[in-house]
2 protein chains.
Amino acid sequence: MAPTAKDTRPLAVRVYEQISSDIIAGTIEAGTALVQEQVAAQYGVSRTPVRDALTQLTLEGLATLVPGRGYIVNTLSPQDVKDVYEVRYTLESLAARQACGLHSPQQLVRLRGMVDEFETVDPADAEELFRMGAAFHAALIDPCPNTYLRNTLAAMWDHPIARRITMTYRQGPEHQSKVARDHRRILEALKTDDPDTIAEVLRYCHNPNDTLD
Amino acid sequence: MAPTAKDTRPLAVRVYEQISSDIIAGTIEAGTALVQEQVAAQYGVSRTPVRDALTQLTLEGLATLVPGRGYIVNTLSPQDVKDVYEVRYTLESLAARQACGLHSPQQLVRLRGMVDEFETVDPADAEELFRMGAAFHAALIDPCPNTYLRNTLAAMWDHPIARRITMTYRQGPEHQSKVARDHRRILEALKTDDPDTIAEVLRYCHNPNDTLD
DNA sequence: CCTCGCTCGGGTGTATACAATGTATACGGT
DNA sequence: ACCGTATACATTGTATACACCCGAGCGAGG
């Protein structure tokens, strides 16, 4: 745990991560007013990086600037989460279709290895599970030629709401094995080199009925 | 032209709009280094709003921060434009499917009126054509219940690359009438209340083969 | 009692000064 | 001649101070 390598990233990024993770964890309730100066004092930094962080949060829809009152933390209803999930699934399906049949043998081997590794992760380590899951999806659509689409999806995986989905709704060892099973199914579908098959399997795996609500 | 109502928006927004429009117009070439202090001096403002503007540009993929050199303007190949367009079309199709059958009679009347009005716009007024086109699409998917999806699409219409598409590749009176025709086709499809029909018409209208390249 | 206007305070927008970091260049050793 | 290193420079990150805007609360007048 010894942080021999000090975090050298900009303060704005660290402040942003802290606030967003507090929001999705529920530590900061919806409706709370985030005031630049208060937040700055709380983290022992100046208003400048706080301003950057709050701007980012607003851009992502987690907060709203209310004149004269500060940045208000938006409510995140289950419907909002579903909405984000639906868009993400749609784009991921598009990307997978385009990536279909373009995976190199090395990439396929690597994907298979990632699933195996995924199953060995400590079920309690939500952060690691999240990272590995995102890595699998990233590798899956890596051959997709649409760069903008790949970047958009990468941003959505890093999106706080996506984290909220994973951390809140997807927990426990049984879910870990379900995800591993889904990923194996996806790899099976990949063998067919048929975009429709891939999309169909993705639709099945992303079916929110058993993960959300 | 008398600016009786002074622009009261934040400087960061105005600087951002100026730079992004200069980029898509080609006034600022790809590879150009945007240095905070230089830009600030150029517009007669301080570095703070310039910083905000450049951050926004980076977030949207129009520039990249290169340490020690400044913000470098990214190249925008026709392929990049196509990529953005494809994602936009995909999401718009999804939104239209969900909005299908949910339009109130008033909304349908309004949509029809917008198409008529669109045809009366001066073909040389690219800015107005862009605004009206965006308004039509916004009204089209307005009943879509997925708020996140609606917001995402709204952001994409305002995206500089979308402006580039409209301003660069879609010009002239014949294109104006083509768009009006397409919009009428979409309205016809709306009558069927069938999501597949809508999606099919959208796919036809968004076929980039005759508008891009 | 209601309404209009004014002052006051909280909050963000903007400007400027300072600190940290990474790059390019020049110089000396090999 | 080449490579490693140290130094100077360019650029962004951060902190602080000032200016503007908006809303709330209070008081005077109808």
Side-chain angles (χ1 to χ4, degrees), chain A residues 3-23 28-75 158, chain B residues 3-23 28-75 158:
Chain A
T4 45
K6 194 174 60 178
D7 191 352
T8 180
R9 291 174 306 168
L11 287 178
V13 176
R14 284 181 271 173
V15 171
Y16 161 79
E17 286 180 354
Q18 185 62 49
I19 295 179
S20 70
S21 97
D22 280 352
I23 291 178
I28 300 178
E29 292 179 30
T32 306
L34 297 174
V35 177
Q36 292 181 359
E37 189 151 5
Q38 288 178 10
V39 177
Q42 181 176 343
Y43 291 102
V45 298
S46 84
R47 268 182 52 208
T48 309
V50 173
R51 210 178 112 81
D52 292 353
L54 292 181
T55 301
Q56 181 75 14
L57 287 171
T58 302
L59 243 15
E60 286 175 344
L62 266 69
T64 305
L65 174 56
V66 177
R69 197 161 306 178
Y71 289 78
I72 305 298
V73 175
N74 290 338
T75 64
D158 263 350
Chain B
T4 45
K6 195 172 59 178
D7 190 353
T8 180
R9 291 174 308 169
L11 286 178
V13 176
R14 283 181 271 174
V15 171
Y16 161 79
E17 286 180 353
Q18 184 63 49
I19 296 179
S20 70
S21 96
D22 280 351
I23 291 177
I28 301 178
E29 292 180 29
T32 307
L34 297 174
V35 176
Q36 293 181 359
E37 189 152 6
Q38 287 179 12
V39 177
Q42 180 176 345
Y43 290 103
V45 299
S46 84
R47 267 182 51 207
T48 308
V50 172
R51 209 179 112 80
D52 292 352
L54 292 180
T55 300
Q56 181 76 16
L57 287 171
T58 303
L59 243 15
E60 286 174 343
L62 265 70
T64 305
L65 174 57
V66 178
R69 194 162 310 177
Y71 290 78
I72 304 298
V73 175
N74 289 339
T75 63
D158 263 350

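Note that the coordinates shown come from a computational prediction; the quantities given were computed from them, not determined experimentally. In the text below, chain A, chain B and the rest are named by the order of the sequence lines, each starting its count at 1. The figures that follow rest on heavy atoms only: side chains count, while hydrogens, waters and symmetry mates do not.
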Taking atom types as modelled, find out whether Y16(B) and E60(B) have a side-chain donor-acceptor pair closer than 3.5 angstrom.
-> yes
So with a 6.0 Å cut-off around CD of E37(A), is the heavy-atom count from everything else above 12?
-> no
Taking C-beta and beyond as the side chain, do I19(B) and L34(B) meet within less than 4.5 Å on heavy atoms?
-> yes
When rounded to the nearest 0.5 angstrom, what is the spacing between CD in Q18(A) and CG in D22(A)?
-> 4.5 Å
Can you find a side-chain donor-acceptor pair between D52(B) and Q56(B) that sits under 3.5 Å?
-> no
Any chance you could list the contact pattern along nucleotides 8-19 of chain C? Use B for base contacts, S for sugar-phosphate-only contacts and - for none, protein heavy atoms under 4.0 Å, 5' to 3'.
-> ---SBBBBBB--
